[in-house]
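Here the structure comes first, spelled out in structure tokens, and everything after it is commentary.
Along the sequence shown, residues carry numbers from 1.
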Amino acid sequence: MEKILVSACLMGRRVRYDGGAKTSSDAWLAGWREEGRLVPFCPEVEGGLPVPRLAAEIEGGAGGEAVLAGAARVLATDGSDVTAEFLAGARGALAVAREHGIRMAVLKEGSPSCGALAVYDGTFQGRRIPGRGVTTALLERNGIRVFSEDRLPEAVGYLRTLET
């Protein structure tokens, strides 16, 4: 049975920067949970950041690839550099994926770690731009396909191709 890495906040865990969760009520996720497929993970917490914590964005909206390349940082609202924690969390997610033989993930859209289609632009003004978070970029660089919680029908189709 294919395992799926999933953002812990989507599973109701209170790990987000504001101390909350973004619990998904999606039937596919619920079914996968019942089947024992899901491996919940929060890269930011696993990277050493507390709950709650200051919001963080990738400077200049550069995206996760730029952070992995050392060309951009992840900054908190107070200007502190939390890049090391984001990188550690991304590496932790990859290690867990490898440990479980995971080839796909469903991650929280918009997050500077988990965004698959968009990230915030680095100004803390609530503006999203196309891009991927640090964890998503590292997972995809290593052949793990990432879907946002808004793209679950695509994830279902991809899972079927993995299991045939």
Side-chain angles (χ1 to χ4, degrees), residues 1-11 13 15-17 22 24 26 28-29 31-33 35-49 51 53 56-76 81-122 128-164:
M1 172 174 50
E2 286 288 329
K3 296 282 188 173
I4 302 166
L5 191 70
V6 64
S7 290
C9 63
L10 294 174
M11 295 291 94
R13 295 189 184 170
V15 294
R16 287 178 44 84
Y17 75 95
K22 283 287 186 178
S24 173
D26 185 86
W28 286 108
L29 282 178
W32 292 338
R33 180 184 229 169
E35 293 171 0
R37 289 183 185 271
L38 300 181
V39 178
F41 191 86
C42 176
E44 294 169 24
V45 170
E46 294 300 324
L49 294 171
V51 178
R53 59 189 169 273
E57 295 184 7
I58 300 169
E59 65 181 343
E65 295 87 353
V67 175
L68 293 174
R73 300 174 299 165
V74 184
L75 301 175
D81 186 340
V82 291
T83 306
E85 290 87 346
F86 275 74
L87 289 170
R91 288 189 297 268
L94 180 59
V96 166
R98 286 179 170 161
E99 175 185 332
H100 291 277
I102 290 172
R103 298 187 286 172
M104 69 177 281
V106 175
L107 302 181
K108 180 69 189 114
E109 190 57 70
S111 158
S113 288
C114 298
L117 302 171
V119 294
Y120 289 94
D121 70 0
R128 288 187 188 198
I129 58 173
R132 300 185 298 175
V134 179
T135 296
T136 295
L138 185 62
L139 292 175
E140 290 190 340
R141 178 186 282 183
N142 285 274
I144 298 165
R145 183 92 180 267
V146 178
F147 299 89
S148 73
E149 77 277 14
D150 301 327
R151 304 278 181 159
L152 284 171
E154 291 174 34
V156 169
Y158 185 68
L159 179 61
R160 288 184 182 131
T161 68
L162 294 176
E163 296 185 323
T164 55

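With contacts defined as side-chain heavy-atom distances shorter than 4.5 Å, the pair P40/V6 qualifies. No side-chain heavy atom of R132 sits under 4.5 Å from any side-chain heavy atom of V119. You'll find the side chain of L49 reaches within 4.5 Å of the side chain of F86, heavy atoms only. With a 4.5 Å cut-off on side-chain heavy atoms, E65 and V134 do not count as touching. When side chains are defined from C-beta on, L68 counts as touching R141, because their heavy atoms get closer than 4.5 Å. Under the 4.5 Å side-chain criterion, counting only non-hydrogen atoms from C-beta, R151 is not in contact with V106. Side chains of R33 and L29 form no contact here, defined as non-hydrogen atoms less than 4.5 Å apart. Contact check for M104 versus K3: no side-chain heavy atoms found under the 4.5 Å cut-off.
Atom CG in L162 sits 11.5 Å away from atom CD1 in I102 (nearest 0.5 Å). Atom OG1 of T135 is separated from atom NZ of K108 by 14.5 Å, given to the nearest 0.5 angstrom. Rounding to the nearest 0.5 Å places CG of L138 at 8.5 Å from CZ of R91. Rounding to the nearest 0.5 Å places CD1 of I4 at 10.5 Å from CH2 of W28. How far SG of C9 is from CZ of R16: 6.0 Å, rounded to the nearest 0.5 Å. Atoms CG and CG, from D26 and D150 in turn, are 10.0 Å apart once rounded to the nearest 0.5 Å.
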> Can you list the steps and then say if R145 with Y158 is a side chain to side chain donor-acceptor pair (under 3.5 Å)?
Replying inline: CA-CA 9 Å; R145 183 92 180 267; Y158 185 68; 5.2 Å; no
>> Using the rule given for side-chain contact (heavy atoms from CB on, under 4.5 Å), can you reason through V82 versus L75, listing the C-alpha separation, both sets of side-chain angles and the distance that settles it, and then say yes or no?
In response: CA-CA 6 Å; V82 291; L75 301 175; 6.0 Å; no
>> If you apply the rule side-chain contact (heavy atoms from CB on, under 4.5 Å), what do you find for V15 with E44, and how did you get there?
In response: CA-CA 8 Å; V15 294; E44 294 169 24; over 6 Å; no
> Hey, mind stepping through R73 and V67 against side-chain contact (heavy atoms from CB on, under 4.5 Å) and telling me if it holds?
Replying inline: CA-CA 6 Å; R73 300 174 299 165; V67 175; over 6 Å; no
>> Let's go through W32 and V156 carefully: what are the C-alpha distance in whole Å and the side-chain angles of both, what is the deciding distance for side-chain contact (heavy atoms from CB on, under 4.5 Å) to 0.1 Å, and is it a yes or a no?
In response: CA-CA 10 Å; W32 292 338; V156 169; 3.7 Å; yes
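With E2 as the partner, the side-chain hydrogen bond (donor to acceptor under 3.5 Å, both in side chains) test is satisfied by one option alone out of H100, R37, R103: R103. Checking R13, M11, E46 one by one against F41, the side-chain contact (heavy atoms from CB on, under 4.5 Å) holds for a single residue, E46.
Judged purely by atom type and a 3.5 angstrom limit, T164 uses its side chain to pair as donor or acceptor with the backbone of T161. Remark: the backbone N or O of P43 is not paired with any side-chain donor or acceptor of S113 at under 3.5 angstrom. Counting only distance, with no hydrogens or angles, the side chain of E149 and the backbone of E109 share a donor-acceptor pair below 3.5 Å. In terms of modelled atom types and a separation under 3.5 Å, the side chain of S24 and the main chain of L10 share no donor-acceptor contact. The closest donor-acceptor contact from the side chain of S148 to the backbone of A116 lies at 3.5 Å or more, if one exists at all.
L5 approaches L107 most closely through the heavy-atom pair O-CD2, 4.5 Å. Minimum interatomic distance between I144 and A105 (heavy atoms only, all atoms of both residues): CG2-N, 4.3 Å. Between L139 and A97, the shortest heavy-atom contact is CD2-CB, 4.4 Å. Between A66 and A62, the shortest heavy-atom distance links the atoms CB-CB, 3.6 Å.
Relative to the ring axis of Y17, R53 does not place its NZ or CZ within 45° and under 6.0 Å from the centre.
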